[in-house]
Number of protein chains: 4
Amino acid sequence: MCRETDNMEKQTIEYSEKQNAIIQSAEKLFSQTGFDGTSVRDIAQEAGVNVAMISYYFGSKDKLMEAVFEQKTTQMRLKIENLLLNNNITHLEKVNILIDEYVDKFVDQQEFHKIMMREQILERSTPVAALILELKKRNLQSIKKLIQEGQKSGEFKKHIDIMLMMSTLVGTVSQVVVSKRFYCEVNHLQNLTEPEYLKYIRKKLSVHLKNLFKITLTNDI
Amino acid sequence: MCRETDNMEKQTIEYSEKQNAIIQSAEKLFSQTGFDGTSVRDIAQEAGVNVAMISYYFGSKDKLMEAVFEQKTTQMRLKIENLLLNNNITHLEKVNILIDEYVDKFVDQQEFHKIMMREQILERSTPVAALILELKKRNLQSIKKLIQEGQKSGEFKKHIDIMLMMSTLVGTVSQVVVSKRFYCEVNHLQNLTEPEYLKYIRKKLSVHLKNLFKITLTNDI
Amino acid sequence: MCRETDNMEKQTIEYSEKQNAIIQSAEKLFSQTGFDGTSVRDIAQEAGVNVAMISYYFGSKDKLMEAVFEQKTTQMRLKIENLLLNNNITHLEKVNILIDEYVDKFVDQQEFHKIMMREQILERSTPVAALILELKKRNLQSIKKLIQEGQKSGEFKKHIDIMLMMSTLVGTVSQVVVSKRFYCEVNHLQNLTEPEYLKYIRKKLSVHLKNLFKITLTNDI
Amino acid sequence: MCRETDNMEKQTIEYSEKQNAIIQSAEKLFSQTGFDGTSVRDIAQEAGVNVAMISYYFGSKDKLMEAVFEQKTTQMRLKIENLLLNNNITHLEKVNILIDEYVDKFVDQQEFHKIMMREQILERSTPVAALILELKKRNLQSIKKLIQEGQKSGEFKKHIDIMLMMSTLVGTVSQVVVSKRFYCEVNHLQNLTEPEYLKYIRKKLSVHLKNLFKITLTNDI
DNA sequence: CATGAATGAGTGTTCATTCAT
DNA sequence: TATGAATGAACACTCATTCAT
């Protein structure tokens, strides 16, 4: 465990305060207006730094994008891996924790996930696309292991298409997060404040997905 | 009903051959490289027309985007509505047809759906966003009606969150469509041709989602 | 002869008025401040056109440079070749005409020759460098032929290093052209107008070089 | 004469090791890619010093250029002057030594001479241009004196345009040095190593120019 | 004395759009 | 109706230089 933590901190590149401000601004603007729709001037202004600093620190706009992803994906991967590692609970409980983790991740870090979605849509073979693919592969491995252990213990059914279940998990959360305005209008939630809405949606998604997974994975009704 | 149809057909603007070529090219390129990543020159070249034609016909690049959406969303809405209208079958069978319709729609018209996803992610209040919102609202209404009829007939359970189910439906399909490369690599499907892959994924999604909906909507195991 | 002229005109690319204005301005500014020292904005201003026109017409700054060279070098090569082709005079007279041609060429087209000199100094392997090399090779061939014919006829000495003689011809003219200010100050010619100075220097160079070539090529004292 | 020497040595500024490294790197890069084509970062990297050092030590990029010239031109001037001063030989022999000196100077210090040529081409009134002009004037004076003494002694002809002869000397050597690639290709010398080529060209130039000067300056055939 | 961080001005180029024809 | 020519604004990026330390 300690070793893990050490590695984690070693892998994470240390950025200066300004560099972090740039990364954060980039993350925000890329999610709001897309990569091509965001100019380095916008990012610089948002971060309160000179335009030239972006090239100075990150080399290019593309490299900045990579830095944003490098940082985030590393964090995510490690979180999922640690999550599944050391719990003394049933496999279904682990699945439920995983679901809550994904829900929280998408809800809390909407901005980054929007960038990630858009990058996947574009299907271009960039370093960023490679990072996403790698992240998804490793996460799938972790979850596959969890499901297989549950199957061995008899807790889960055989013949589960883990990938489709993951698509349902990730897809449902993405869809709800992205359709915020639609969701609010239809369900008459326009009066909710942002935190209230987030709390509400988090709970809804959690219950919905846990139920979906339970009836899919186990034999219980 | 007749009135509805009439209105609908009135809404559909008639375009010249060149205009249609432009719309089609725009749809393709917007999905491949995004709105900002696509230049009007690219679109003009792809469509085999002069650059100035785009401003000439559609007024601006933004307006062209709207035209693309106007056309597509109208088509989609009509298809869903007609689908649910005249069938002499059980409500679950209607749901299954609906699922297949969504799967086919996303798989066959990936390009347009990618643009739509990206536009939703951006969350900007554009005419295009309004069109998407309107489409989703009307589709939701149609489906709500279907589910409620199924509940009245005792075929479906009470207390179904239709919106979350729709998010699962749309989200899962989107996710799979978008993660094509990931899906292929993990499932060792790299040797499949494009049509083979599409057929495969269509079937997988259809079975998976029908199963999900069945156990969610009905009391049957 | 007619065929030659036809070819010549076929080879020469036809440029629009604006394109020619750009080429001319580029030639001037490149010679005055160098390629790197000249911005496309400077060229555009000098030519009285929009900055974007340069990329629009020539693709890039580099390509503009190539266009300048393409045009000039073609003209030069053809002139030299035609010069040596059809004259009914002695070989020494031909050499003298050649000398005058070089002197005139360098004096009249100082600006372009300055660019050419600088490009040679840089020794970079650009398309422009290739054009210069090609021009020099073809000119050398023409002159070699002339000298060899003179040697066959007994008019010229054997064992003449044509290349060194050409270096002396070109080098001397270049040197004088480039050292204008030095030349004027030392010879107290500051009061001469530009045309007066050019006339003066042309005569001086012509006599000097013809003398040098005569005593080098022939056996006469 | 002593005073002269004293002044000269006073003029020579003493530079630190780092400063010399910068000057040397600047000389190299300016010759290879031109003044505008060379960035201070390139120079700093080549010299292994911090970028800011250049402004710190020399004030600006322009001032660095001046420093490069100040150093070199002083060295050159002194060499020529000393050369002509103390020899107990004929005037023609002195001229021959002078020719070899120029040939060696241009061949050995090609890089610096390329910068000098380029600066002359630009014709701008910079401190650097003034330094070059001053150098050329003083060298011309020295040589004028030599020729005039030769004329007095009857060794040389009357009516010699020293300046044109100097232009031929400097121009020919420059031309050959600059046209290295052309020279090698045409004379099939591509297989020669760099030192072999330099040796070859030095000899060629020496013989060619000494011959040219002999027949020009003296009455001998 | 020395330097990493930072900057504003400037680079070449591309953009969506307009306009004369 | 249709378009080649043209444009100003914006783009990502590099520059020589400055400054706090």
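We name chains A, B, ... by the order of the sequence lines, and we start the count at 1 in each one.
Residue C/Ile43 contributes atom CD1, which lies 11 Å from atom P of E/dT11 at whole-angstrom precision. Between the CD atom of A/Gln45 and the C1' atom of E/dG8 there is a distance of 15 Å, rounded to whole Å. In this structure, CD of A/Gln19 is placed 11 Å from C1' of E/dA5, rounded to the nearest angstrom. Per the geometry, CG belonging to B/Asp36 stands 15 Å off C1' belonging to F/dA12, to the nearest Å. Atom CD of D/Glu17 and atom C1' of E/dC1 are 16 Å apart (whole Å). Across the protein-nucleic acid pair, A/Leu64 atom CG and F/dC13 atom P stand 10 Å apart, rounded to whole Å. Rounded to whole Å, atom C1' of E/dA5 lies 15 Å from atom CD1 of A/Ile54. The CD1-C1' distance, from D/Ile22 to F/dT17, rounds to 15 Å in whole Å.
F/dA9 is paired with E/dT14 under the Watson-Crick or G-U wobble criterion, all donor-acceptor distances under 3.5 Å. Across all strands shown, E/dA20 forms a Watson-Crick or G-U wobble pair, both distances under 3.5 Å, with F/dT3.
Nucleic acid contact class of C/Ser16 (heavy atoms, under 4.0 Å, all strands): none. Using a 4.0 Å heavy-atom cutoff across all strands shown, B/Tyr57 reaches sugar-phosphate atoms only and no base atom.
Both C/Arg41 and D/Ala52 sit near DNA chain E, but only D/Ala52 has its closest nucleotide nearer the 5' end. Nearest-nucleotide positions on DNA chain F for D/Asp62 and C/Met53 put C/Met53 closer to the 5' end. Nearer the 5' end of DNA chain F, as judged by each residue's closest nucleotide, is the contact made by C/Asn50, out of D/Thr38 and C/Asn50.
Phosphate proximity of F/dT3 to B/Lys18: present, with a side-chain N or O under 4.0 Å from OP1 or OP2. Remark: D/Tyr56 is not in phosphate contact with F/dT18, judged by side-chain N or O atoms under 4.0 Å from OP1 or OP2. For E/dT11, the OP1/OP2 oxygens have a side-chain nitrogen or oxygen of C/Ser39 closer than 4.0 Å.
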- Message: Would C/Phe112 and C/Phe69 count as a ring-ring contact (aromatic ring centres under 6.0 Å, His included) here? Give the steps.
- Response: CA-CA 8 Å; C/Phe112 176 69; C/Phe69 269 80; 4.9 Å; yes

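Test D/Gln32, D/Lys114, D/Arg181 against C/Glu123 for side chain to side chain donor-acceptor pair (under 3.5 Å) and you get one pass: D/Lys114. Paired with B/Lys72 under the rule salt bridge (Lys or Arg N to Asp or Glu O under 4.0 Å), one option of B/Glu66, B/Glu119, B/Glu27 passes, and it is B/Glu27.
In this structure, B/Lys61 forms a cation-pi arrangement with B/Phe35, its terminal cationic atom sitting closer than 6.0 Å to the ring centre and no more than 45° off the ring axis.
Under a 4.0 Å N-O distance rule, the pair D/Glu46/D/Lys28 qualifies as a salt bridge.
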